Amino acid sequence: MNAGQSVDVVRVIDSARFVGWPLAITVLTILIMLVDGYDLQSMAFVAPAIVADWGIARADLIWVLNGSLIGMAIGSVALGRLGDRVGRKRAFIACLLALCAGSLLSAHARSLGELFLWRAATGIGLGGLTPLAATFISEWTPRRVRSIAVACAVVSVPLGGMMGAMIAQRAIPWFGWRAIFWIGTALPLLFAILAAWLLPESPRFLAQDPIHSKALAALLNRLVREPRFVDSERFYVAEPAAPARHWLGIILSREYRYTTLLLWSAFAFNTLGLYTYANWLPTVLTATGFTQTAALEQHQYFNFGSFFGAVGGAILIGRYGSRLVGTGLALLGVAATLLIGVALTDSSPAGPQLSLLVLAAGAAFSGVQSFLYAVGAHSYPTYVRGAGVGCAQTMSRIGGVLGGLAAGAFFGLRPQPPLSGFFYALGTLVIMVAVSFFLLRTHIAPNRKGR
């Protein structure tokens, strides 16, 4: 490569082989997101045990179950913006250390107030991990596999929850509910060390400042597996230059406002549904007469469905584009939720029909969630990608908090309404996911080469 020649970093990444360094980076990120999923749902695992241990009502858990969501609303923007300013890698490690500290303190909580505070601290780290992972992978993988790679990372969150539910079934009876938080302390610490050692910085981030040219040349040479670049090239990303405006002004400018508001709406309503299931499904089912073990088994079905929704959907996106596939999955979530309400009117709701509906709901809500991260990362330029996706996730956490508050208020009603009404109301609200997602203009187009 001639000295002083201009190099489009994105073209280099898109032309590189996925098998090799991009795949290794994706796998490590996926493993980290499994830990994210475990810590995210750990409060749902221990909630029934805390109700019994502390002698409290289910409605008393409203704020504790929402604590991590409140922290996530802060962490999504703060750590997403930190990733845009100091690098994706440093912000990623900061998220893992926040998870470690929050889980450690949660294990020592002696009251609902303390547990709420430490779950909110954990949520700060949780809030940053997913948008940073989506951004990180989208900036390291070739376009032809980008949607699938991002979906695999995002779907690792519910898979981590599924693994956590299996661990909780055995660990809580043997060691008590605090053991769940001890595990949630050790895993983020381990992966923070691995990330500091193994993860490289995003090449798109490094291309924003010529001071990083030497490091970027070394990274790209490792990516293409030959000494093609020296530090004298002018590395760039083919997108508009960053305007001299605050990041919030950029994503709400005329160019991005329509996309931003629709992303916020889709994220908020989908997360309302996703986290209502993730945080409240075991509690709702135990209220209908399920044992804690049986309720956690249904929780596993939800997380198991998440894998098929996100990965299978990502494959279909490559063929049909994100608008058709994502909108179809969103409508599946509406139908499954309403039918779960119907199933709970039966005198014996536990059965294969309920499990199949819970599986379908997991596929729908988690699938759409992963598509939203992929479409969100596709919608913004490098200089505001982390903040744009992080801000959308903050809006999603607001939806999650409102869903949790509504669920807690439902259980506080006297006399207690039929639990089928819980799912009827939820199914009606999440219709907005399908509407908002369909109306987005920045969808991922089908991969015509693969047709």
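Only a predicted model underlies this, so the values are computations on that prediction, with no experimental measurement involved.
Note that the CG atom of Leu79 and the CD1 atom of Ile124 stand 8.0 Å from one another [nearest 0.5 Å]. Atom CE in Met395 sits 9.0 Å away from atom CG in Leu261 (nearest 0.5 Å). In this structure, Leu262 CG and Met432 CE are separated by 8.5 Å, a value rounded to the nearest 0.5 Å. Here the CZ atom belonging to Arg90 is positioned 14.5 Å from the SG atom belonging to Cys95, to the nearest 0.5 angstrom. To the nearest 0.5 Å, atoms CG (Leu198) and CD1 (Ile25) are separated by 10.0 Å. Within the model, atoms CG of Leu40 and CG of Leu126 stand 5.5 Å from one another, a figure rounded to the nearest 0.5 Å.
Atom OH of Tyr301 sits in a sparse spot, with 12 or fewer heavy atoms from other residues, nucleotides or ligands closer than 6.0 Å. Annotation for Trp21: atom CH2 counts as buried by contact number, over 12 foreign heavy atoms lying within 6.0 Å. For Tyr424, the OH atom sits in a packed shell: over 12 heavy atoms of surrounding residues, nucleotides or ligands are nearer than 6.0 Å.
Using a distance-only test at 3.5 Å, with no hydrogens or angles considered, a donor-acceptor pair links the side chain of Lys89 to the main chain of Ala196. Listed for the Thr327 side chain is no donor-acceptor partner under 3.5 Å among the backbone atoms of Leu324. Checked by atom type and distance alone, the side chain of Gln369 never pairs as donor or acceptor with a backbone atom of Phe365 at under 3.5 Å. Within the 3.5 Å criterion, the main-chain N or O of Glu114 finds a donor-acceptor partner in the side chain of Ser111. When atom types are taken as modelled, the side chain of Trp54 and the backbone of Arg110 share no donor-acceptor pair closer than 3.5 angstrom. One N or O on the side chain of Thr260 and one on the backbone of Ile251 form a donor-acceptor pair closer than 3.5 Å. Between the Ser322 side chain and the Ile444 main chain, a donor and an acceptor come within less than 3.5 Å of each other. Distance alone, capped at 3.5 Å, places no donor-acceptor pair between the Ser436 side chain and the Val433 backbone. A donor-acceptor pair under 3.5 Å is formed between the side chain of His108 and the backbone N or O of Leu104. No donor-acceptor distance shorter than 3.5 angstrom exists from the side chain of Arg143 to the backbone of Val10, with no hydrogens or angles considered.
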Step-by-step side chain to side chain contact (heavy atoms under 4.5 Å, CB included) determination, Val430 to Asn270:
CA-CA 6 Å; Val430 295; Asn270 195 68; over 6 Å; no

Does Cys152 form a side chain to side chain contact (heavy atoms under 4.5 Å, CB included) with Met33? I'd like the steps, not just the answer.
CA-CA 9 Å; Cys152 287; Met33 297 312 294; over 6 Å; no

Trp197 and Leu194: CA distance, side-chain angles, deciding distance, side chain to side chain contact (heavy atoms under 4.5 Å, CB included) verdict:
CA-CA 5 Å; Trp197 179 33; Leu194 289 175; 4.2 Å; yes

With side chain to side chain contact (heavy atoms under 4.5 Å, CB included) as the test, would you mind laying out the steps for Leu274 and Phe302 before giving the verdict?
CA-CA 10 Å; Leu274 178 63; Phe302 181 81; 3.8 Å; yes

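The shortest distance between side-chain heavy atoms of Ile32 and Phe92 falls below 4.5 Å. Using a 4.5 Å heavy-atom threshold, the side chains of Tyr275 and Leu402 count as separate. Inter-residue side-chain proximity for Phe235 and Asp8 is flagged as unmet; no heavy-atom pair is nearer than 4.5 Å. Put simply, the side chain of Leu99 reaches to within 4.5 Å of the side chain of Leu129, judged on heavy atoms. With contacts defined as side-chain heavy-atom distances shorter than 4.5 Å, the pair Leu440/Tyr258 does not qualify. Residues Trp118 and Phe181 have side chains not in contact (no heavy-atom distance under 4.5 Å, counting atoms from C-beta outward). Side-chain contact between Thr122 and Ser106: present, with at least one pair of heavy atoms (C-beta onward) separated by less than 4.5 Å. Between Phe191 and Cys100, the closest side-chain pair of non-hydrogen atoms is not below 4.5 Å.
Summarising the geometry of Leu223 relative to Ala16, their closest heavy-atom pair is CG-CB, 3.8 Å, with the distance given to 0.1 Å. Minimum interatomic distance between Ala392 and Trp264 (heavy atoms only, all atoms of both residues): CA-CD1, 3.5 Å. Considering every non-hydrogen atom in both Val334 and Gly427, the closest pair reads CG1-O, 3.6 Å. Here the closest non-hydrogen pair linking Ala44 and Pro282 is O-CG, 4.4 Å. Considering all non-hydrogen atoms of both residues, Val157 and Gln41 come closest at O-NE2, 4.4 Å. Trp140 and Pro200 make their closest contact through CZ2-CG, 3.6 Å (heavy atoms, listed as atom of the first residue, atom of the second, distance).
Side-chain contact annotation: Ser379 with Thr442, donor-acceptor N/O pair under 3.5 Å present. A donor-acceptor contact closer than 3.5 angstrom is absent between the side chains of Thr259 and Tyr380. The closest side-chain donor-acceptor pair between Asp39 and Ser103 falls under 3.5 angstrom. A donor atom on one side chain and an acceptor atom on the other are not found under 3.5 Å apart for Ser138 and Tyr373.
For Phe205 and Phe136, the gap between ring centers reaches or exceeds 6.0 Å. Aromatic ring centres of Trp177 and Trp182: separated by at least 6.0 Å.
Figure legend: cation-pi geometry between Arg323 and Phe437 absent, as NZ or CZ is not positioned both under 6.0 Å from the six-membered ring centre and within 45° of its axis. The cationic atom of Arg144 (NZ for Lys, CZ for Arg) does not lie both less than 6.0 Å from the six-membered ring centre of Phe18 and within 45° of the ring axis.
Partners of Arg88 under the salt bridge (Lys or Arg N to Asp or Glu O under 4.0 Å) rule, at least two apart in sequence or in another chain, are Asp84, Glu139.
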